[in-house]
2 protein chains.
Amino acid sequence: MEHRIEQIKKQLHAQNYKLTPQREATVRVLLEREEDHLSAEDVYLLVKEKSPEIGLATVYRTLELLSELKIVDKINFGDGVSRYDLRKEGAKHFHHHLVCIECGSVEEIVNDLLEDVEKIVEKDFGFEVKDHRLTFHGICRQCQGAVVKATQ
Amino acid sequence: MEHRIEQIKKQLHAQNYKLTPQREATVRVLLEREEDHLSAEDVYLLVKEKSPEIGLATVYRTLELLSELKIVDKINFGDGVSRYDLRKEGAKHFHHHLVCIECGSVEEIVNDLLEDVEKIVEKDFGFEVKDHRLTFHGICRQCQGAVVKATQ
DNA sequence: ACATTAATTTATAATTATTATTAATATAAA
DNA sequence: TTTATATTAATAATAATTATAAATTAATGT
Ligand SMILES: [Mn+2]
Ligand SMILES: [Mn+2]
Ligand SMILES: [Zn+2]
Ligand SMILES: [Zn+2]
(Lines give C-alpha, C1' and ligand atoms only; values in the text may rest on other atoms or scores of the structure.)
(Ligands and ions follow the chains in the order given, each with its own letter.)
Protein backbone atom coordinates (compact mmCIF):
# COMPACT_ATOMS: atom_id res chain seq x y z
CA MET A 1 0.00 0.00 0.00
CA GLU A 2 2.50 2.61 1.18
CA HIS A 3 4.84 1.41 -1.51
CA ARG A 4 2.29 2.06 -4.27
CA ILE A 5 1.43 5.44 -2.78
CA GLU A 6 5.11 6.38 -2.89
CA GLN A 7 5.31 5.21 -6.47
CA ILE A 8 2.31 7.29 -7.49
CA LYS A 9 3.73 10.26 -5.63
CA LYS A 10 6.86 9.98 -7.76
CA GLN A 11 4.81 9.71 -10.94
CA LEU A 12 2.95 12.89 -10.00
CA HIS A 13 6.12 14.77 -9.08
CA ALA A 14 7.73 13.72 -12.33
CA GLN A 15 5.04 15.81 -14.06
CA ASN A 16 5.13 18.63 -11.50
CA TYR A 17 1.94 17.63 -9.76
CA LYS A 18 1.59 17.46 -6.01
CA LEU A 19 0.21 14.60 -4.01
CA THR A 20 -2.20 16.71 -1.99
CA PRO A 21 -4.09 15.17 0.95
CA GLN A 22 -7.20 15.05 -1.24
CA ARG A 23 -5.37 13.23 -4.00
CA GLU A 24 -3.79 10.84 -1.54
CA ALA A 25 -7.14 10.07 0.05
CA THR A 26 -8.57 9.36 -3.41
CA VAL A 27 -5.70 7.06 -4.33
CA ARG A 28 -6.07 5.21 -1.04
CA VAL A 29 -9.71 4.48 -1.79
CA LEU A 30 -8.77 3.17 -5.23
CA LEU A 31 -6.10 0.94 -3.71
CA GLU A 32 -8.43 -0.38 -1.04
CA ARG A 33 -11.01 -1.25 -3.67
CA GLU A 34 -8.66 -2.37 -6.40
CA GLU A 35 -10.91 -5.19 -7.64
CA ASP A 36 -13.94 -2.94 -7.90
CA HIS A 37 -15.05 -0.63 -10.66
CA LEU A 38 -16.05 2.54 -8.92
CA SER A 39 -17.77 5.52 -10.44
CA ALA A 40 -16.65 9.03 -9.52
CA GLU A 41 -19.61 9.26 -7.18
CA ASP A 42 -18.66 5.93 -5.57
CA VAL A 43 -15.12 7.16 -5.01
CA TYR A 44 -16.40 10.46 -3.67
CA LEU A 45 -18.62 8.77 -1.07
CA LEU A 46 -15.82 6.48 0.06
CA VAL A 47 -13.27 9.28 0.30
CA LYS A 48 -15.79 11.35 2.22
CA GLU A 49 -15.95 8.73 4.96
CA LYS A 50 -12.37 9.52 5.93
CA SER A 51 -11.99 13.04 4.57
CA PRO A 52 -15.46 14.57 4.88
CA GLU A 53 -14.35 17.98 3.62
CA ILE A 54 -13.52 16.83 0.09
CA GLY A 55 -15.58 18.09 -2.84
CA LEU A 56 -17.00 16.02 -5.67
CA ALA A 57 -15.34 18.21 -8.32
CA THR A 58 -11.98 17.53 -6.72
CA VAL A 59 -12.56 13.81 -7.02
CA TYR A 60 -13.47 14.25 -10.69
CA ARG A 61 -10.36 16.33 -11.30
CA THR A 62 -8.16 13.87 -9.45
CA LEU A 63 -9.52 10.91 -11.40
CA GLU A 64 -9.03 12.83 -14.62
CA LEU A 65 -5.44 13.58 -13.67
CA LEU A 66 -4.75 9.98 -12.69
CA SER A 67 -6.18 8.91 -16.05
CA GLU A 68 -3.88 11.22 -17.94
CA LEU A 69 -0.92 9.79 -16.09
CA LYS A 70 -2.13 6.25 -16.86
CA ILE A 71 -2.34 5.46 -13.17
CA VAL A 72 -6.01 4.66 -13.54
CA ASP A 73 -7.98 3.62 -16.60
CA LYS A 74 -11.37 5.13 -17.29
CA ILE A 75 -13.89 2.67 -18.61
CA ASN A 76 -17.54 2.67 -19.52
CA PHE A 77 -19.60 -0.50 -19.24
CA GLY A 78 -22.62 1.10 -20.87
CA ASP A 79 -24.55 1.96 -17.72
CA GLY A 80 -24.22 5.70 -18.12
CA VAL A 81 -21.30 6.37 -15.78
CA SER A 82 -17.56 6.29 -16.21
CA ARG A 83 -15.74 3.91 -13.94
CA TYR A 84 -12.17 4.13 -12.77
CA ASP A 85 -9.86 1.19 -12.50
CA LEU A 86 -6.35 1.23 -11.03
CA ARG A 87 -3.89 -0.08 -13.54
CA LYS A 88 -2.20 -3.23 -12.26
CA GLU A 89 1.31 -2.63 -10.97
CA GLY A 90 3.72 -2.58 -13.87
CA ALA A 91 1.09 -3.42 -16.48
CA LYS A 92 1.74 -1.94 -19.89
CA HIS A 93 -1.84 -2.36 -21.05
CA PHE A 94 -5.26 -2.17 -19.51
CA HIS A 95 -6.64 -5.50 -18.35
CA HIS A 96 -9.82 -7.11 -19.68
CA HIS A 97 -13.31 -7.55 -18.29
CA LEU A 98 -16.05 -10.12 -18.32
CA VAL A 99 -19.44 -8.53 -17.80
CA CYS A 100 -22.34 -10.86 -17.04
CA ILE A 101 -25.51 -9.87 -18.86
CA GLU A 102 -27.59 -11.76 -16.27
CA CYS A 103 -26.31 -10.53 -12.92
CA GLY A 104 -24.12 -7.59 -13.92
CA SER A 105 -21.02 -8.92 -12.22
CA VAL A 106 -17.65 -7.82 -13.59
CA GLU A 107 -14.68 -10.16 -13.51
CA GLU A 108 -11.13 -9.21 -14.44
CA ILE A 109 -8.64 -10.92 -16.71
CA VAL A 110 -5.07 -9.80 -16.18
CA ASN A 111 -3.55 -12.11 -18.80
CA ASP A 112 -2.53 -10.23 -21.92
CA LEU A 113 -4.36 -12.48 -24.46
CA LEU A 114 -4.08 -9.90 -27.26
CA GLU A 115 -0.43 -10.21 -28.26
CA ASP A 116 -1.21 -12.03 -31.50
CA VAL A 117 -4.18 -9.85 -32.33
CA GLU A 118 -2.11 -6.73 -31.84
CA LYS A 119 0.56 -8.02 -34.18
CA ILE A 120 -2.11 -8.43 -36.85
CA VAL A 121 -3.47 -4.97 -36.21
CA GLU A 122 -0.02 -3.45 -36.52
CA LYS A 123 0.95 -5.38 -39.64
CA ASP A 124 -2.29 -5.60 -41.59
CA PHE A 125 -3.79 -2.29 -40.60
CA GLY A 126 -0.67 -0.20 -40.07
CA PHE A 127 -2.00 0.94 -36.73
CA GLU A 128 0.46 1.48 -33.89
CA VAL A 129 -1.27 0.06 -30.83
CA LYS A 130 -0.72 1.95 -27.58
CA ASP A 131 -3.53 0.51 -25.50
CA HIS A 132 -6.84 -1.28 -25.72
CA ARG A 133 -10.21 -1.87 -24.14
CA LEU A 134 -11.58 -5.40 -24.29
CA THR A 135 -14.82 -6.41 -22.63
CA PHE A 136 -16.68 -9.65 -23.09
CA HIS A 137 -20.41 -9.73 -22.56
CA GLY A 138 -21.90 -13.08 -21.64
CA ILE A 139 -22.94 -15.44 -18.88
CA CYS A 140 -20.73 -15.83 -15.84
CA ARG A 141 -20.04 -19.19 -14.26
CA GLN A 142 -22.50 -18.63 -11.43
CA CYS A 143 -25.36 -17.67 -13.72
CA GLN A 144 -24.68 -20.69 -15.92
CA GLY A 145 -25.02 -22.83 -12.83
CA ALA A 146 -28.26 -21.09 -11.94
CA VAL A 147 -29.76 -21.93 -15.33
CA VAL A 148 -28.85 -25.59 -14.98
CA LYS A 149 -30.41 -25.62 -11.51
CA ALA A 150 -33.55 -23.86 -12.73
CA THR A 151 -34.12 -26.35 -15.57
CA GLN A 152 -33.57 -29.45 -13.44
CA MET B 1 -30.69 -0.54 -48.95
CA GLU B 2 -34.34 -1.52 -49.43
CA HIS B 3 -33.30 -5.08 -48.79
CA ARG B 4 -31.85 -4.27 -45.39
CA ILE B 5 -34.86 -2.13 -44.51
CA GLU B 6 -37.11 -5.09 -45.30
CA GLN B 7 -34.92 -7.31 -43.19
CA ILE B 8 -35.08 -4.95 -40.23
CA LYS B 9 -38.82 -4.62 -40.69
CA LYS B 10 -39.10 -8.37 -40.31
CA GLN B 11 -36.89 -8.36 -37.22
CA LEU B 12 -39.13 -5.74 -35.66
CA HIS B 13 -42.34 -7.54 -36.59
CA ALA B 14 -40.94 -10.77 -35.17
CA GLN B 15 -40.95 -9.04 -31.79
CA ASN B 16 -44.29 -7.27 -32.33
CA TYR B 17 -42.77 -3.88 -33.05
CA LYS B 18 -43.85 -1.71 -35.94
CA LEU B 19 -41.59 -0.04 -38.45
CA THR B 20 -43.11 3.42 -38.07
CA PRO B 21 -42.11 6.23 -40.42
CA GLN B 22 -39.93 7.68 -37.65
CA ARG B 23 -38.16 4.38 -37.12
CA GLU B 24 -37.68 3.88 -40.83
CA ALA B 25 -36.23 7.36 -41.22
CA THR B 26 -33.82 6.64 -38.39
CA VAL B 27 -32.75 3.34 -39.88
CA ARG B 28 -32.21 4.99 -43.26
CA VAL B 29 -29.84 7.50 -41.72
CA LEU B 30 -27.90 4.71 -40.05
CA LEU B 31 -27.67 2.85 -43.36
CA GLU B 32 -26.55 5.92 -45.26
CA ARG B 33 -23.81 6.54 -42.70
CA GLU B 34 -22.85 2.98 -42.00
CA GLU B 35 -19.13 3.69 -41.65
CA ASP B 36 -19.70 6.51 -39.19
CA HIS B 37 -20.20 6.44 -35.46
CA LEU B 38 -23.07 8.78 -34.84
CA SER B 39 -24.33 9.98 -31.50
CA ALA B 40 -28.07 10.16 -30.84
CA GLU B 41 -27.88 13.90 -31.46
CA ASP B 42 -26.05 13.33 -34.75
CA VAL B 43 -28.72 10.88 -35.85
CA TYR B 44 -31.45 13.26 -34.76
CA LEU B 45 -30.06 16.14 -36.81
CA LEU B 46 -29.68 13.95 -39.90
CA VAL B 47 -33.17 12.48 -39.58
CA LYS B 48 -34.56 15.96 -39.11
CA GLU B 49 -33.29 17.02 -42.52
CA LYS B 50 -35.75 14.67 -44.16
CA SER B 51 -38.37 14.31 -41.44
CA PRO B 52 -38.36 17.65 -39.64
CA GLU B 53 -41.23 16.70 -37.32
CA ILE B 54 -39.34 13.97 -35.47
CA GLY B 55 -38.50 14.43 -31.80
CA LEU B 56 -35.17 13.76 -30.14
CA ALA B 57 -36.71 11.42 -27.58
CA THR B 58 -38.10 9.31 -30.38
CA VAL B 59 -34.64 8.94 -31.83
CA TYR B 60 -33.32 7.89 -28.44
CA ARG B 61 -36.13 5.38 -28.03
CA THR B 62 -35.62 4.03 -31.53
CA LEU B 63 -31.89 3.60 -31.03
CA GLU B 64 -32.52 1.89 -27.72
CA LEU B 65 -34.97 -0.48 -29.40
CA LEU B 66 -32.58 -1.22 -32.25
CA SER B 67 -29.89 -1.96 -29.67
CA GLU B 68 -32.10 -4.42 -27.84
CA LEU B 69 -32.77 -6.21 -31.11
CA LYS B 70 -29.02 -6.27 -31.84
CA ILE B 71 -29.60 -4.34 -35.06
CA VAL B 72 -27.30 -1.63 -33.83
CA ASP B 73 -24.52 -1.74 -31.25
CA LYS B 74 -24.16 1.02 -28.71
CA ILE B 75 -20.59 1.99 -28.03
CA ASN B 76 -18.76 4.56 -25.98
CA PHE B 77 -15.37 5.85 -27.05
CA GLY B 78 -14.89 7.84 -23.86
CA ASP B 79 -15.96 11.22 -25.16
CA GLY B 80 -19.10 11.43 -23.07
CA VAL B 81 -21.69 10.33 -25.61
CA SER B 82 -22.99 6.96 -26.69
CA ARG B 83 -22.55 6.16 -30.34
CA TYR B 84 -24.63 3.83 -32.45
CA ASP B 85 -23.20 1.49 -35.01
CA LEU B 86 -25.19 -0.68 -37.42
CA ARG B 87 -24.19 -4.28 -37.03
CA LYS B 88 -22.68 -5.64 -40.24
CA GLU B 89 -25.10 -7.77 -42.20
CA GLY B 90 -25.11 -11.29 -40.80
CA ALA B 91 -22.39 -10.58 -38.24
CA LYS B 92 -22.66 -12.60 -35.05
CA HIS B 93 -20.42 -10.28 -33.07
CA PHE B 94 -19.75 -6.59 -32.94
CA HIS B 95 -16.80 -5.47 -35.06
CA HIS B 96 -13.67 -3.81 -33.66
CA HIS B 97 -12.37 -0.25 -33.71
CA LEU B 98 -9.08 1.56 -34.01
CA VAL B 99 -9.22 4.96 -32.38
CA CYS B 100 -6.36 7.33 -33.11
CA ILE B 101 -5.23 9.26 -30.04
CA GLU B 102 -3.74 11.95 -32.27
CA CYS B 103 -6.50 12.84 -34.73
CA GLY B 104 -9.48 11.05 -33.20
CA SER B 105 -10.28 9.07 -36.34
CA VAL B 106 -12.07 5.76 -35.93
CA GLU B 107 -11.35 2.86 -38.27
CA GLU B 108 -13.26 -0.41 -38.35
CA ILE B 109 -12.03 -3.99 -38.36
CA VAL B 110 -14.61 -6.50 -39.48
CA ASN B 111 -12.36 -9.54 -39.17
CA ASP B 112 -13.23 -11.64 -36.16
CA LEU B 113 -9.69 -11.83 -34.66
CA LEU B 114 -10.96 -13.02 -31.27
CA GLU B 115 -11.82 -16.65 -31.94
CA ASP B 116 -8.81 -17.99 -30.08
CA VAL B 117 -9.12 -15.51 -27.25
CA GLU B 118 -12.78 -16.40 -26.77
CA LYS B 119 -11.94 -20.08 -26.58
CA ILE B 120 -9.53 -19.29 -23.75
CA VAL B 121 -12.10 -17.17 -21.98
CA GLU B 122 -14.69 -19.93 -22.22
CA LYS B 123 -12.33 -22.71 -21.13
CA ASP B 124 -10.10 -21.03 -18.56
CA PHE B 125 -12.63 -18.64 -17.07
CA GLY B 126 -15.85 -20.59 -17.54
CA PHE B 127 -17.47 -17.56 -19.09
CA GLU B 128 -19.96 -18.07 -21.91
CA VAL B 129 -19.17 -15.31 -24.40
CA LYS B 130 -22.15 -13.74 -26.14
CA ASP B 131 -20.54 -10.61 -27.51
CA HIS B 132 -17.59 -8.28 -27.04
CA ARG B 133 -16.29 -4.76 -27.34
CA LEU B 134 -12.71 -4.36 -28.56
CA THR B 135 -11.15 -1.00 -29.20
CA PHE B 136 -7.50 -0.29 -29.82
CA HIS B 137 -6.10 3.09 -28.94
CA GLY B 138 -3.02 4.18 -30.84
CA ILE B 139 -1.61 6.03 -33.81
CA CYS B 140 -3.29 5.67 -37.17
CA ARG B 141 -1.32 5.28 -40.38
CA GLN B 142 -1.82 8.90 -41.40
CA CYS B 143 -0.61 10.28 -38.09
CA GLN B 144 2.43 8.00 -38.18
CA GLY B 145 3.26 9.48 -41.57
CA ALA B 146 2.81 12.98 -40.18
CA VAL B 147 5.35 12.32 -37.44
CA VAL B 148 7.91 11.04 -39.93
CA LYS B 149 7.32 14.13 -42.08
CA ALA B 150 7.61 16.45 -39.08
CA THR B 151 10.95 15.01 -37.98
CA GLN B 152 12.54 15.07 -41.42
C1' DA C 1 9.91 34.58 9.02
C1' DC C 2 7.51 37.13 5.32
C1' DA C 3 5.99 38.20 0.79
C1' DT C 4 5.12 36.53 -3.76
C1' DT C 5 3.53 33.33 -6.94
C1' DA C 6 1.37 29.40 -8.74
C1' DA C 7 -1.29 25.31 -7.88
C1' DT C 8 -5.19 23.44 -5.89
C1' DT C 9 -9.56 23.17 -3.65
C1' DT C 10 -14.25 24.38 -2.39
C1' DA C 11 -18.71 25.74 -3.29
C1' DT C 12 -21.66 26.53 -6.58
C1' DA C 13 -23.56 27.28 -11.07
C1' DA C 14 -23.93 25.75 -15.68
C1' DT C 15 -23.98 22.41 -19.19
C1' DT C 16 -25.02 18.29 -21.47
C1' DA C 17 -26.76 13.73 -22.25
C1' DT C 18 -30.37 10.91 -21.28
C1' DT C 19 -34.80 9.45 -19.39
C1' DA C 20 -39.54 10.08 -17.70
C1' DT C 21 -44.15 11.95 -18.17
C1' DT C 22 -48.34 12.95 -20.24
C1' DA C 23 -51.47 14.10 -23.64
C1' DA C 24 -52.20 13.48 -28.49
C1' DT C 25 -51.97 10.53 -32.52
C1' DA C 26 -51.59 6.56 -35.24
C1' DT C 27 -52.25 1.74 -35.86
C1' DA C 28 -54.32 -2.73 -35.47
C1' DA C 29 -57.93 -5.72 -33.90
C1' DA C 30 -62.74 -6.71 -32.84
C1' DT D 1 -66.87 2.09 -36.39
C1' DT D 2 -65.49 1.26 -31.85
C1' DT D 3 -61.96 -0.19 -28.79
C1' DA D 4 -57.54 -1.19 -27.26
C1' DT D 5 -52.72 -0.73 -27.84
C1' DA D 6 -48.51 1.15 -29.43
C1' DT D 7 -46.11 5.10 -30.53
C1' DT D 8 -44.91 9.84 -30.78
C1' DA D 9 -44.23 14.81 -29.61
C1' DA D 10 -43.51 18.12 -26.44
C1' DT D 11 -41.78 19.00 -22.45
C1' DA D 12 -40.05 18.43 -17.85
C1' DA D 13 -36.97 16.08 -14.91
C1' DT D 14 -32.79 13.73 -13.78
C1' DA D 15 -28.14 12.69 -13.49
C1' DA D 16 -23.36 13.02 -14.82
C1' DT D 17 -19.89 16.02 -15.71
C1' DT D 18 -17.54 20.43 -16.36
C1' DA D 19 -16.79 25.40 -15.67
C1' DT D 20 -16.23 29.44 -12.70
C1' DA D 21 -14.59 32.30 -9.21
C1' DA D 22 -13.15 33.11 -4.71
C1' DA D 23 -10.52 31.10 -0.95
C1' DT D 24 -6.82 28.17 0.59
C1' DT D 25 -2.58 25.83 0.38
C1' DA D 26 2.01 24.89 -0.87
C1' DA D 27 6.33 26.18 -2.82
C1' DT D 28 9.89 29.74 -3.76
C1' DG D 29 12.77 33.54 -3.14
C1' DT D 30 14.07 37.31 -0.15
MN1 LIG E 1 -10.88 -3.92 -13.85
MN1 LIG F 1 -18.00 0.70 -36.21
ZN1 LIG G 1 -23.85 -13.64 -13.77
ZN1 LIG H 1 -4.63 9.75 -36.55
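These values consider heavy atoms only, across backbone and side chains, with no hydrogens, waters or symmetry-generated copies. Letters A, B, ... mirror the listed sequences (proteins, then strands); counts begin at 1.
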Practice task
Could you work out which one of dT27(C), dA16(D), dA7(C) sits closest to the side chain of K18(A)?
Solution key: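 The answer is dA7(C).
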Could you state the atom-to-atom distance from [atom1] of [X] to [atom2] of [N] in whole Å?
{"X": "L56(A)", "N": "dT8(C)", "atom1": "CG", "atom2": "P", "value": "19 Å"}
{"X": "E53(A)", "N": "dT25(D)", "atom1": "CD", "atom2": "P", "value": "10 Å"}
{"X": "H13(A)", "N": "dA27(D)", "atom1": "NE2", "atom2": "C1'", "value": "11 Å"}
{"X": "I54(A)", "N": "dT24(D)", "atom1": "CD1", "atom2": "C1'", "value": "15 Å"}
{"X": "Y17(A)", "N": "dA6(C)", "atom1": "OH", "atom2": "P", "value": "16 Å"}
{"X": "D79(A)", "N": "dA17(C)", "atom1": "CG", "atom2": "P", "value": "18 Å"}
{"X": "Q15(A)", "N": "dA6(C)", "atom1": "CD", "atom2": "C1'", "value": "18 Å"}
{"X": "N16(B)", "N": "dA6(D)", "atom1": "CG", "atom2": "P", "value": "9 Å"}

Problem - Close residues, residues 19-45 of chain A, relative to DNA chain C [heavy-atom separation under 4.0 Å] - result: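 Residues of residues 19-45 of chain A under 4.0 Å from DNA chain C: T20(A), Q22(A), R23(A).
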Exercise for the section: Could you list by number each residue of residues 57-68 of chain B showing a heavy-atom separation from DNA chain C of less than 4.0 Å, or answer none if no residue does? Expected result: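 Contacting residues: A57(B), Y60(B).
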Exercise for the section: State, with a plain yes or no, whether a side-chain heavy atom of E122(B) is found less than 4.5 Å away from one of V117(B). Expected result: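 No; the side chains remain at least 4.5 Å from each other.
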Handout entry: Check: H95(A)/D85(A) side-chain N/O donor and acceptor closer than 3.5 Å
Key =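 A pair is found: one side chain offers a donor N or O, the other an acceptor, under 3.5 Å apart.
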Practice task
For atom OH of Y17(B), decide whether the heavy atoms of other residues, nucleotides or ligands shown that lie under 6.0 angstrom number more than 12.
Solution key: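 Counting other residues, nucleotides and ligands, OH of Y17(B) stays at 12 neighbours or fewer.
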Does this structure show an ion pair linking [X] with [Y], if we count only N-O contacts that are shorter than 4.0 Å?
{"X": "E128(B)", "Y": "K130(B)", "value": "yes"}
{"X": "E32(B)", "Y": "K50(B)", "value": "yes"}
{"X": "E41(A)", "Y": "K48(A)", "value": "no"}
{"X": "K10(B)", "Y": "E6(B)", "value": "no"}

Practice task
Start with the C-alpha distance between F77(B) and H97(B), add both sets of side-chain angles, then the distance that settles ring-ring contact (aromatic ring centres under 6.0 Å, His included), and finish with yes or no.
Solution key: CA-CA 10 Å; F77(B) 290 124; H97(B) 295 95; 5.3 Å; yes
Handout entry: Step-by-step ring-ring contact (aromatic ring centres under 6.0 Å, His included) determination, H93(B) to H132(B)
Key = CA-CA 7 Å; H93(B) 282 162; H132(B) 54 235; 4.6 Å; yes
